[in-house]
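Written out below as structure tokens is the structure these notes cover.
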2 protein chains.
Amino acid sequence: MTHETTSARSITVANAGLDVLEHVLSYYIRTLNIAVSRDLDDKLEGLEVAKGTGKITTLLLVDRHPGIRPSVIAQLILRDRSAMVRLVDHMEEDGLLTRKADEQDNRAQGLFISHKGKQLAAQIRPIVVKQSRDFFSDITDQEHRMLTSILERTYRRIAGLNGNGETGR
Amino acid sequence: MTHETTSARSITVANAGLDVLEHVLSYYIRTLNIAVSRDLDDKLEGLEVAKGTGKITTLLLVDRHPGIRPSVIAQLILRDRSAMVRLVDHMEEDGLLTRKADEQDNRAQGLFISHKGKQLAAQIRPIVVKQSRDFFSDITDQEHRMLTSILERTYRRIAGLNGNGETGR
DNA sequence: AAAACATAGTTGCAAACGTCCACTACTCGG
DNA sequence: CCGAGTAGTGGACGTTTGCAACTATGTTTT
């Protein structure tokens, strides 16, 4: 049917409707994700934790909860254990943290932050917070808080931070 | 400083605080993204448009705007042109759309949906909408609308589709 | 106490992207 | 006509991610 009349050049970024996606939350989450991730990477350039939510979250979690286990972090960042292993490998190589076998449970291990890791964590915290705030510059503080708390709800369910846990893989 | 009393095994998914990330919108965007993407992939399993926001958006855009150019779509989905080329390659191979050289501008091309593509688009629309709604099941309709429109604001700025409709190109 | 089952970490493999960069073809303004 | 900018393409890389299989260890059953 339609294929000739609509002059292609009239379809610009500014006037192209997104079809149903315009009202689909997941579309914005998915798209904004790539933008916000890119932006964050820039802000973190050179800091050994660029790329991926994983490193940052892991660093902060280990700093905050000495002895936390890889598998727990994996659940929180929604990755599988194998991905987690590599993450820890890298971070250990970079001297940000260390593994220590758990004394009670020999198959488990605990993660501990290094001095260098601690400093990096301290350095990163303000950057991460500010980045998020700056990125969503056209959102009021109130809206920002609201979004955060609403999304937190879904996140907690998915990650199993609520009642009991499902793995939501 | 929380640490000694906290034996490693007591740090569970349920009680591990996320440090500053707890109040960082971008953290939720980034993390939820991977969950929502996985979920969507499941719902779309087998449908030739699984994986990545790109295919779906492209399909719907081409269906909606016959003759739209790859570069325009690229801007909307926040990818670079080369990524777009491959996307179109695949979709053309799959018989979802076709390229046609633009008559006015020989360096450009227009994308047109195929019959198969049109059917797929029709099939996908409800799924995508429902998926988003279902995924964020613990959010009220009103909140969902609010989130969508707030995020849309940021998206539009990022993608450069603000204000005026036809910025002379 | 042995067997069966579950959990933590690990590794290999392979698919899927995204990014950077260079290159061609073409348009347009001056 | 020239120079600048744009559209599409292709190649090479480096990463990330997911799956499946495997080990070691812990827990539960019978």
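Heavy-atom basis, side chains included; hydrogens, waters and symmetry copies ignored. A note on names: the letters A, B, ... follow the listed sequences, proteins ahead of strands, and every chain is numbered from 1.
- Rounded to whole Å, atom P of dG12(C) lies 11 Å from atom CG of Asp89(A).
- Residues Arg125(B) and Asp63(B) are paired through a salt bridge, judged by an N-O separation under 4.0 Å between the basic side chain and the carboxylate.
- Ile77(A) and Val85(A) fall into different hydrophobic clusters, where Ile, Leu, Val, Met, Phe, Trp and Tyr are joined by side-chain heavy atoms under 4.5 Å apart, directly or via other members.
- Residue Arg69(B) has no polar side-chain atom (N or O) positioned under 4.0 Å from OP1 or OP2 of dT6(D).
- Side-chain proximity of Asn106(B) to dG10(D), dC26(C), dA8(C): nearest is dC26(C).
- For Leu87(A) and dA8(C), the CG to C1' distance is 16 Å, given to the nearest whole Å.
- In this structure, Met84(A) places its CE atom 13 Å from P of dT16(D), rounding to the nearest Å.
- Using a 4.0 Å heavy-atom cutoff across all strands shown, Asp80(B) reaches at least one base atom of the nucleic acid.
- One finds no side-chain N or O of Gln104(A) lying less than 4.0 angstrom from the OP1 or OP2 phosphate oxygen of dT25(D).
- With rounding to whole Å, Met91(B) atom CE is found 17 Å from dG8(D) atom C1'.
- Here the side chain of Val85(A) is nearest to one of dT10(C), dA7(D), dG18(C), namely dT10(C).
- Distance CD1 (Ile34(B)) to C1' (dT15(D)): 15 Å, rounded to an integer number of Å.
- At whole-Å resolution of the value, CG in Asp42(A) and P in dT19(C) are 11 Å apart.
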Legend entry - Residues Val128(A), Lys43(A); criterion side chain to side chain contact (heavy atoms under 4.5 Å, CB included); working and verdict: CA-CA 9 Å; Val128(A) 173; Lys43(A) 303 284 168 63; over 6 Å; no
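- Of the candidate nucleotides dG18(C), dG9(C), dG26(D), dG26(D) has the atom nearest to the side chain of Arg107(A).
- The CG atom of Asn33(B) lies 8.0 Å from the OG1 atom of Thr53(A); values are rounded to the nearest 0.5 Å.
- For the side chain to side chain donor-acceptor pair (under 3.5 Å) test with Gln131(B), the passing option among Asp41(B), Asp39(B), Asp42(B) is Asp39(B); the others fail.
- Residue contacts for Arg86(B): at a heavy-atom cut-off of 4.0 Å it reaches a base atom on one of the strands shown.
- Residues Ala83(B) and Arg81(A) each lie close to DNA chain C; by heavy-atom proximity, the contact nearer the 5' end of the strand is made by Arg81(A).
- Across all strands shown, Ser82(B) has heavy atoms under 4.0 Å from base atoms, whether or not it also approaches the sugar-phosphate.
- The shortest distance between the side-chain N/O atoms of Arg99(B) and the OP1/OP2 oxygens of dT9(D) is below 4.0 Å.
- Here dG18(D) presents its C1' atom at 14 Å from CG of Leu78(A), a figure rounded to the nearest Å.
- If you take CG of Asp41(B) and P of dC19(D), they are 10 Å apart, rounded to a whole angstrom.
- Heavy atoms of Lys100(A) sit nowhere under 4.0 angstrom from any nucleic acid atom.
- Among the protein residues, Ala108(A) comes within range of the sugar-phosphate backbone only, with heavy atoms under 4.0 Å from sugar or phosphate atoms but none that close to a base.
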